[in-house]
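Below is one structure, written out as structure tokens; the observations come after it.
Counting starts at 1 for both ligands and their atoms, following the listed order.
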Amino acid sequence: MSDEKNKSDQQKSGVSRRSFLKASGISLGVPLVVGHRVINVNGQEVKLYGPTKTSITLTINGAKQTVEVEPRVTLLEALRHELDITGAKRVCDRATCGACTMIVGGKAVYSCTVLAIEAQGKPITTVESLMQGEKLHPLQQAFVDNDGQQCGYCTPGFVMACKAFLDKNPSPTPEEVQKGLGGNLCRCGTYMGVRAAVLQAATMHKGGKNHG
Ligand code: FES
Ligand code: FES
């Protein structure tokens, strides 16, 4: 957009960056993005990060890990590139496929669209947490038993989405399983196997073998 057009649009809306900053109480002399510091916005202290790397602490699979990242870095990138936790996959990188699914603060999230700094203070659970030594988690075993994977690229995200789903609904109906897993895509078309795996894991749970 040209400067002239921008100016004219601002005039039409009646809000310019300058007037917005003034109304927000932010001094025009204070850069919006600076090193880790605090500014006062309308009487509230707001922490600013960046643009350079800043130190953050994440709680991943029960262990605290400190990492230096720029504020723009996603949770998925921080784990894969900085901490070598590579179970979650980057496929679409835009909240469409679910290959990057992790459980953050008890909810399944697309980690490609969560900033690493936003995930501080919340428990982060990844697919790496599920195996106990050489023993597969019952949900992982159910994927194997029901041919719930082919190329396997979507599988870690699917397993975590299934885990989050079963944590909330331990005895689902087939219809609930289909609906509950609607946020994950499999290019190999393993949906029938994945749904059967979830129902198997739920049955094991009822039989006293916790999926959890
Ligand atoms: S890689 Fe995150 S939703 Fe596809
Ligand atoms: S098993 Fe290949 S994309 Fe799902």
* To do: Assign the ring pair F143 / F158 to parallel, tilted or perpendicular, where the plane angle (0 to 90°) is split at 30° and 60°.
  => tilted
* Test L199 against V177 for side-chain contact (heavy atoms from CB on, under 4.5 Å), laying out the working first. => CA-CA 8 Å; L199 291 170; V177 172; 3.8 Å; yes
As an exercise, identify every atom of ligand 2 less than 4.0 angstrom from a heavy atom of [X].
| X | value |
| --- | --- |
| G152 | 1 (S), 2 (Fe) |
| R187 | 3 (S) |
| C154 | 1 (S), 3 (S), 4 (Fe) |
| C186 | 1 (S), 3 (S), 4 (Fe) |

Please determine whether residues [X] and [Y] belong to a single hydrophobic cluster, defined as Ile, Leu, Val, Met, Phe, Trp and Tyr linked transitively by side-chain heavy-atom distances below 4.5 Å.
| X | Y | answer |
| --- | --- | --- |
| L136 | V159 | no |
| Y110 | V91 | no |
| L139 | Y153 | no |

* More than 12 foreign heavy atoms under 6.0 Å from CE of M192: is that the case here? -> no
* Asked: Would you say R80 has more than 12 foreign heavy atoms packed within less than 6.0 Å of its CZ?
  ->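 Buried by this count: over 12 neighbours within 6.0 Å.
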* To do: Nearest 0.5 Å please: distance from the OG1 atom of T74 over to the CD1 atom of I117.
  =>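 Reported to 0.5 Å precision, the distance equals 11.5 Å.
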* Would you mind checking which non-hydrogen protein atom is closest to atom 1 (S) of ligand 2, with the distance to 0.1 Å? =>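 Checking every protein heavy atom, the shortest distance to atom 1 (S) of ligand 2 gives Q150 N, 3.2 Å.
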* Hey, mind stepping through M160 and M102 against side-chain contact (heavy atoms from CB on, under 4.5 Å) and telling me if it holds? -> CA-CA 6 Å; M160 294 315 288; M102 298 175 192; 5.8 Å; no
* To do: Can you list, by chain and residue number, the protein N, O or S atoms under 2.8 Å from atom 4 (Fe) of ligand 1?
  =>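 You should have found C92 SG, C97 SG.
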* To do: Report yes or no: does C188 have an N/O/S atom closer than 2.8 Å to atom 4 (Fe) of ligand 2?
  =>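 So C188 does not bind atom 4 (Fe) of ligand 2 by this criterion.
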* Backbone or side-chain N/O/S of C151 under 2.8 Å of atom 2 (Fe) of ligand 2 -> yes
